[in-house]
Number of protein chains: 2
Amino acid sequence: MLKEERQHAIVNEVELHNRVLLTDLAEKLDVSIDTVRRDVKELDAENLLVKVHGGAVSLGFANHSPQRSNVYAQDKKMVIAKKAMTLLKMNSVILIDGGTTCLELARLLPQNIKLTCFTLSLPVAMELLGKPNIETIFIGGTLSRDSQISMGSSAIHALSQIKVDYSFIGTGYVDVEFGLTEFDWDIVQTKKAVINASKKTVLLSISEKLGSQHRFKTCDLNVINTMVTELEPWDEKLDAFKKLNIHIL
Amino acid sequence: MLKEERQHAIVNEVELHNRVLLTDLAEKLDVSIDTVRRDVKELDAENLLVKVHGGAVSLGFANHSPQRSNVYAQDKKMVIAKKAMTLLKMNSVILIDGGTTCLELARLLPQNIKLTCFTLSLPVAMELLGKPNIETIFIGGTLSRDSQISMGSSAIHALSQIKVDYSFIGTGYVDVEFGLTEFDWDIVQTKKAVINASKKTVLLSISEKLGSQHRFKTCDLNVINTMVTELEPWDEKLDAFKKLNIHIL
DNA sequence: ATAATTGTTGCAGTTTAATGCGGTTTATTA
DNA sequence: TAATAAACCGCATTAAACTGCAACAATTAT
């Protein structure tokens, strides 16, 4: 096998799988590991891939972030937010949870929509204040430093005093069997209170979270009325959720 | 598994769930906790996530972007804020009102000061979340679009439940004879409740406001314990206030 | 045709990077 | 303030990377 040919094969392999081990390449191409190493070194010098300890990764994989967007998977979250907006009726009373997906919803709410909107999230509240026709009510409480939402007993108490038409919530983890779970007990307590304060609960979650779980449980999936993901409603990943009688958007 | 691959997975996990524990990562990726710790340290150095005790949080989650807007007379307000800070004792419970001067106070609070801090103002709350040793409690309520603070009956009710050591308040107008006045009735109501919730009340005001008045009265000057302006304490403009037995800073 | 030259490859020995482990220090929580 | 968990540090182990060298193939010059 020609050297050129072999190097071409290496680049192909890297582009295909994003990452590759030198040992695998050596075996596959039936040359010594040193040869592969030399090849990869050359290809790295030509900027066709990035050599790393033990293997090589594709350029896209390595160039993690020259200028990545602020929010992870923002495009997907935008899709979710737009779908969720179709549930909104004029003059209804809703609650918007924290998290980047819910924040995206708040951001995309049209200027002319008339709503009464509760929230526990500082960033969401900021966003809502920019909408002239939305009355915003902040649920007070002890603020969590990293999630920037109200938590604790006073938030839970405040939530016990209200009943909104729809609440839009996010979750850390969601699984057909284990339901909605979180990494933090306080957040679970707060989310429970949110769900109790809602006639209908809408879960916003990107599909990557489906099938993940953590230690503290917020609720079973059957208390969720509607689930919104970025997937098409007929996607097979959603089949299990449909069986639970959850409305999928 | 390649190191790069693993780090990629870590960033992904963090972005997806906003916060992760090192122990969970170690288990999931099947490496020792030290390796995960080293990875997270590197990724933190590359600004791909933020390392915290016990885990990591995503950038979007942790970044309280303290946007510095152009504030009128900011230098004077900074002087006021710095003076006001001399009143703060460790571990005390305070309340910070809305307004740009109070916001400046929140901004200038040192990273190491330990406080429990109530506020009704969204921008102040945002700022306080950036201070690691301050417990921030937000007083919920209907948010005012232009002042970005909680108002209305629920805010007033929440205030009636607390008693802080010091409250730092601003005012629209202040005059020796007419006391503190505002152009908005709701704000007056809220400020009254703030003053009632405080053992001691500190008024922060730039000297330009001295001798001005408006239609709704918050309180007389005698309920103010301390007044902070950018002027030197012996400035003659303050003489009238000294006669009212107000402590001048 | 054959020797000389050049380039490629594999191997052995050495160097460096990555990882896990134990002990210590530091931070957090009750 | 004590108990606990996490972070840190240094070290040992292992795997990978590098270096020099010899073998061999391909190319070129004589």
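Just so we're clear, the structure is a prediction, and the values are computed from it rather than from any experiment. Labels below follow one simple rule: chain letters A, B, ... track the order of the sequence lines, proteins then strands, and each chain is numbered from 1.
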Task: Distance, rounded to the nearest Å, where B:N133 contributes CG and C:dT29 contributes P - done: 12 Å
Open item on the list: As an exercise, state the distance from NZ of B:K28 to CG of B:L21, rounded to the nearest 0.5 Å.
Closed with: 12.0 Å
Task: Spacing of A:D39 atom CG relative to C:dT8 atom C1', expressed in whole Å - done: 10 Å
- [ ] Calculate the interatomic distance between A:L29 atom CG and C:dG10 atom P; express it in whole Å.
- [x] 11 Å
Task: A:K191/A:D97 salt bridge by N-O under 4.0 Å criterion - done: yes
TODO: For A:L25 and C:dG10, give me the distance from atom CG to atom P, rounded to whole Å.
DONE: 14 Å
Open item on the list: With ring pair (Phe, Tyr, Trp, His ring centres under 6.0 Å) as the criterion, how do B:H17 and A:F183 come out once you've worked through the C-alpha distance, each side chain's angles and the decisive distance to 0.1 Å?
Closed with: CA-CA 9 Å; B:H17 296 121; A:F183 137 110; 9.8 Å; no
Task: salt_bridge(B:K114, B:E135) N-O dist < 4.0 Å - done: no
Task: Polar side chain donor-acceptor pair, A:T218 to A:K192, under 3.5 angstrom - done: no
Open item on the list: Distance check needed: C:dT28 C1' versus B:E135 CD, whole Å only.
Closed with: 15 Å
Task: Interatomic distance, B:E5 CD vs C:dT19 C1' [rounded to whole Å] - done: 16 Å
- [ ] Could you tell me which residues satisfy side-chain hydrogen bond (donor to acceptor under 3.5 Å, both in side chains) with A:K217, sequence neighbours excluded, listed by chain and number?
- [x] A:D220
Open item on the list: Please encode protein proximity along nucleotides 12-27 of chain D as a string of B, S and -, counting only heavy-atom distances under 4.0 Å.
Closed with: ----SBBB--------
Task: Nucleotide C:dG10, atom C1' - distance to CZ of A:R6 in whole Å - done: 12 Å
Task: Whether A:S150 side chain and A:G141 backbone form a donor-acceptor pair below 3.5 Å - done: yes
TODO: May I ask you to check whether A:D184 and A:H214 show a side-chain donor-acceptor distance below 3.5 Å?
DONE: no
Task: Presence of B:T35 side-chain N/O under 4.0 Å of C:dT19 phosphate oxygens OP1/OP2 - done: no
TODO: Estimate the overall bend of the helix from C:dA1-D:dT30 to C:dA30-D:dT1 from the end axes over five pairs each, rounded to 10 degrees.
DONE: 30°
- [ ] Applying side-chain hydrogen bond (donor to acceptor under 3.5 Å, both in side chains), run through A:E230 and A:S207 and close with a yes or a no.
- [x] CA-CA 7 Å; A:E230 85 281 10; A:S207 62; 2.5 Å; yes
TODO: Quickly work out the A:Q7 CD to C:dG7 P distance and round it to whole Å.
DONE: 15 Å
